[in-house]
Amino acid sequence: MKVYKFGGASVKDAAGVRNLRSIVSDEDGLFVIVSAMGKTTNALERIFEGVQKGDTEATGRHIAELREYHNRIIEDLYREPHRIEAVDAMFEELETLTSDGICETSAADRRYRSEDAELWYDRIVSYGELVSTLIISDYLNRSGIKNEWIDMRRCIITQQRHKDAAVDLEASAPLLRHIVESSDKHAFIGQGFIGSAPDGTVTTLGREGSDYSAAVAAYILDAESMSVWKDVDGVLNADPKIFPDARHIPELRYLDAIELAYSGAQIIHPKTIQPLQNKNIPLYVRPFGDKRKAGTVIRASMARIDIPILILKRDMVLLNIRPRDFSFVLEERFAEIFALLAQYRIKSHLVHNSAVNLSLCIDNSWHIDEAMKALREDGFDVMRIDNMELLTIRGYTPELLDRYASGDDVYVRQSTQSTLRIVRKAK
Ligand code: ASP
Ligand code: MG
């Protein structure tokens, strides 16, 4: 069994779906994970906001537009008027759910309540993947690729947490295996991004979480490989929009891929690698537009990357923290500061300290001001510098050091033998 994953951009229109068909038609024994089509998840987030605000007019309009968008794809695929009943049923469910704010699918029918915002977010946003997979499964079945549509809510069990749930592999494995083993089909189409909590409510795995779904399926089904089909030629050593001399990397180690994903390289969802690495399943990142190209393979290997990798994380904040009484930060106050930041869900991407000063490069979030207030109350002077960027260069060369590490826009510079990290003011 192989696992293929197609992201929203690759199935944004009928041409994309036809292309998917041509990619999967060569294979026998395939589990295909698909995201919502195009920008559907963003549109569903707007629908959710409409429900939050009680704006039924806007909600209804957004749903109508989304329905129209999907109907157009269906008609383009069949080149004639065509309806897929299951798709219509999904949109009707979504309409009912959002118009009276009552969820019929849960044990206790309830109206929207702000305490349950995250639960409602998942209920609404999950329709994107349900609809995209119904369309694709129908089209493949009618064009000769017999497949089974899988409702991943029935077999991907997550923790009891909405909007950003982790998958419970042990609970999910027997369910997914049973569905696949008891089927007479050789191709399966399932949704990325969604699952269900132990209490039966639908959950989502965090934005861009379909890669993670595919890795979970690959892990459970002991797949021989997983491929992510993307609108790039594979993994590059830098974002070509920012660094014009970006180059293609043919092979990466799991470890490098995890580091890259965490430093902000948008190749794959950071949670994807771990399940694959645990079972030694290679991950291919392949160009959707040309299946003859090899792309990049990520696996356990000795191969170290021999070109530098540049990753830029934008919209960062630099916090400078100093005890007002001049006590030594490192010895006495480290644990206290980090405990407080953890409480406000603030994650540090870079930590730099001197005797009495601690500098942290953190994601911009609403909680920073609250954390600063708490730190001040605990006797620290805190300064916040906005509009920063964190540049990480793995495998840096003297030229790159020269080019990026000097200049008055550089606030913090940290290097090990292999990695250079710079916090600089955004241009
Ligand atoms: N459709 C979801 C999103 O746009 C999940 C994904 O694409 O991986 O975030
Ligand atoms: Mg996506």
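First listed ligand is number 1; within each ligand, the first listed atom is number 1. All values below come from the heavy atoms of this structure, side chains included, with hydrogens, waters and symmetry mates left out. Counting from 1, the numbers follow the sequence of the chain as shown.
Listed by atom number, the atoms of ligand 1 under 4.0 Å from T41 heavy atoms are 1 (N), 2 (C), 3 (C), 4 (O). Shown in contact with R207 at under 4.0 Å from a heavy atom are these atoms of ligand 1, numbered in order with element: 3 (C), 4 (O), 9 (O). Each of the atoms 1 (N), 2 (C), 5 (C) of ligand 1 lies under 4.0 Å from some heavy atom of E129.
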*Check the pair R247 / D245 against salt bridge (charged side-chain N to carboxylate O under 4.0 Å, His left out), numbers first and verdict last.*
CA-CA 6 Å; R247 284 154 64 194; D245 40 7; over 6 Å; no

Next item on the list: Evaluate the side chain to side chain donor-acceptor pair (under 3.5 Å) criterion for residues D386 and N364: first the C-alpha distance (whole Å), next the side-chain angles of each, then the deciding distance (0.1 Å), finally the verdict.
Entry: CA-CA 8 Å; D386 281 291; N364 197 358; 4.6 Å; no

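Taking only nitrogen or oxygen atoms, main chain and side chain alike, D211 does not reach within less than 3.5 Å of ligand 1.
A salt bridge links R67 and D88; the closest N-O separation between the charged side-chain nitrogens and carboxylate oxygens is under 4.0 Å. Between D116 and R123 there is no salt bridge, since none of the side-chain N atoms of the basic residue sits less than 4.0 Å from a carboxylate O of the acidic one. Checked for salt-bridge contact, E389 and K425 miss the test: no charged N lies under 4.0 Å from a carboxylate O.
Of the heavy atoms in S35, only side-chain atoms (C-beta onward) come closer than 4.0 Å to ligand 1.
Between W120 and F48, the ring centre distance reaches or exceeds 6.0 Å.
Residue contacts with ligand 1 include G209, since one of its heavy atoms falls under 4.0 Å from the ligand. Residue contacts with ligand 1: H269 is excluded, as none of its non-hydrogen atoms falls under 4.0 Å.
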